Amino acid sequence: MVTPMAAPKRIEIQDLRLSYGGREVLHGITLDVEANEILAIIGPAQSGKTSLLRCMNRMIDVIPEARVSGTVKVDGVDVRSIRNVCELRRKIGMVAPLPVGLPLSIYDNVAFAPMQAGVTGTAELDVLVERCLRRAALWDEVKDRLRTLGSKLSGGQQQRLTIARALSHQPEILCLDEFSIAIDPITTARIEDVLRELRSEMTVVMVTNLVQQARRLADRTAFLLNGDLIEIGPTEAVFSDRPARRETYDYVQGLFG
Amino acid sequence: MSPTGSHPPMFQATARVRRKQLAERAAQWFFGFMAAALIVPLVAIIAYLVVKAWPSLSWEFLVTNPRGGGVRGGIWSALVGTVYLVVFSLCVSAPIGVLAAVYLNEYARDNWFTRTVNLAVVNLAGVPSIVHGLFGVGAFVYALHFGRSIISASLTLAIMTLPVIIASTKEALAAVPMAFREACWNVGASRWQTIRGVVLPNSISGILTGVILQVSRTAGETAPIMLTGVTIYKAFDGGGFFLYAPTEQCMALSMHLYYIATQASGAAPSLPYAIAVVLLALVLLVNAVSIVLRVYLRSHKKW
């Protein structure tokens, strides 16, 4: 049997189970993320979307009662065998669902990661900071006050600052967890355009509650429900009149419940 | 709902609303009174002490050494002794306490070791100071052969203040939101980079306040130091600040006050009050410094 030439896999998740203090929240998820695609993960609250992302960059480690089984491989390497977890986290840009402006200047919010990774040249940092802020559609609003505190920005601006920070360490994979909750539709559209451009240089995994956003943006869409992967497939198929599973149809059409 | 009929006019107080307003006022006054009542003892203590001490108080009293077994002269060598003890003990307890707290709050996972350390901290804080004094005698004076000296007394005080510094530092660190740490870890910063870059700069005011408040506690303690390195009287010819070597015994304000008030004969009746005023002034001065520092650092607080 000849399998068709598939795109190289950036992330391979195999039978991933996760429990918090005995309560299992992911019941054996198996999915792959292909190189240079945008994969959207949709699903109602409590379906394990954020937990799934945290397993990818091992931020799950900081939750003491979390127990993980199964494997998550990033570029073929089991993440749990990685000793230098900082390296893994630099490879994966992570935008957390709640906007966090670090109590540093706007400039330092973005320059923090590259500086910690050893970039010291002022000119180099300036270029990097501007590029990241532009990509996060924040540059025009803050370019004249880069030295003011990032934690004093409005919620929507902090969210875009979070995106700029996630891009600052030049990740190969970008995970966005509800990146547009506090952002207006026009700015959201600008960021979505940027994500489409970024696809040529990185792989994007986005968790979203806006199913239409997944439809607009994603190459493939995964539907999670109560810790189970109900369906994953090309976005057109998931949003078609006949997805593989009835629940998917109900959810994306807003008929759920 | 229709605005006519049996409904009362809008925004006019019903009996229930009036009762609520009354209860609100009563509560506010009651709590306010309790808060104001706190001032009374402080003002009373200070006023009483100053009035009683007035005949003895002068600049001369502050800067001359005690003479004649402590009942004449001033208070300088006791004041210097107290400063020595406080500075030496904080030099030991502040670094150890702060670093231990950083470990406990930032690195330690919740396991038996961490729980044991935390339990030790809590229990150490509850040990009476006289017991600390006895421990100091056994450990520093005899076992480590430091003798009755400033070193022994300072180390005893350090052990006594350590758990409180650890607790206050942990509290200051825990006040930095977890989201800041997660944001740093998410971009691949190590724990230490996160601590240095974000956690410490935003908790330093709380940490320093906690440490400085221990100064007043250390300055006032008598029990632990009278067993380990403080003498009731020592004659000096000269003044200056470098009166003692660390291996010598020293005088201290708290001990001096205790001795003059209860043991010595022939002291002026205002003398113990004057010593108390100096001790209190020292403590209040340190508290004032900590308040100023906190206000200064808070004005730089970043979220």
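Lettering of chains follows the sequences in order, A, B, ..., and the numbering in each one begins at 1. Note that the structure is predicted; figures quoted are calculated from it, not measured.
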* Who in residues 72-93 of chain A is close to chain B, using a strict under-4.5 Å heavy-atom cut-off? -> A:C86, A:R89, A:R90, A:I92
* Asked: For A:R58, is it the side chain, the backbone, both or neither that has a heavy atom under 4.5 Å from a heavy atom of chain B?
  -> neither
* Asked: Of all the residues in residues 124-148 of chain A, which have a heavy atom that comes within less than 4.5 Å of a heavy atom in chain B?
  -> none
* What closest approach, in Å, do A:V100 and B:F180 show between heavy atoms, and which atom pair accounts for it? -> CG1-CD2, 3.6 Å
* Checking B:N186 against chain A: side chain, backbone, both or neither under 4.5 Å from a heavy atom? -> both
* Asked: For atom CD of A:Q46, is the number of surrounding heavy atoms from other residues, nucleotides or ligands below 6.0 Å larger than 12?
  -> no
* Asked: B:Q193 side chain to A:Q116 main-chain N or O, any donor-acceptor pair under 3.5 Å?
  -> yes
* Asked: Roughly how far, to the nearest 0.5 Å, is CG of A:L104 from SG of B:C184?
  -> 7.0 Å
* B:Q28 atom CD: more than 12 heavy-atom contacts under 6.0 Å -> no
* Pick from B:E182, B:M178, B:R109, B:R181 with the largest number of heavy-atom pairs that fall under 4.5 Å of chain A -> B:E182
* Asked: Can you name the closest pair of heavy atoms from B:R191 and A:V62 and give their distance?
  -> NH2-CG1, 4.0 Å
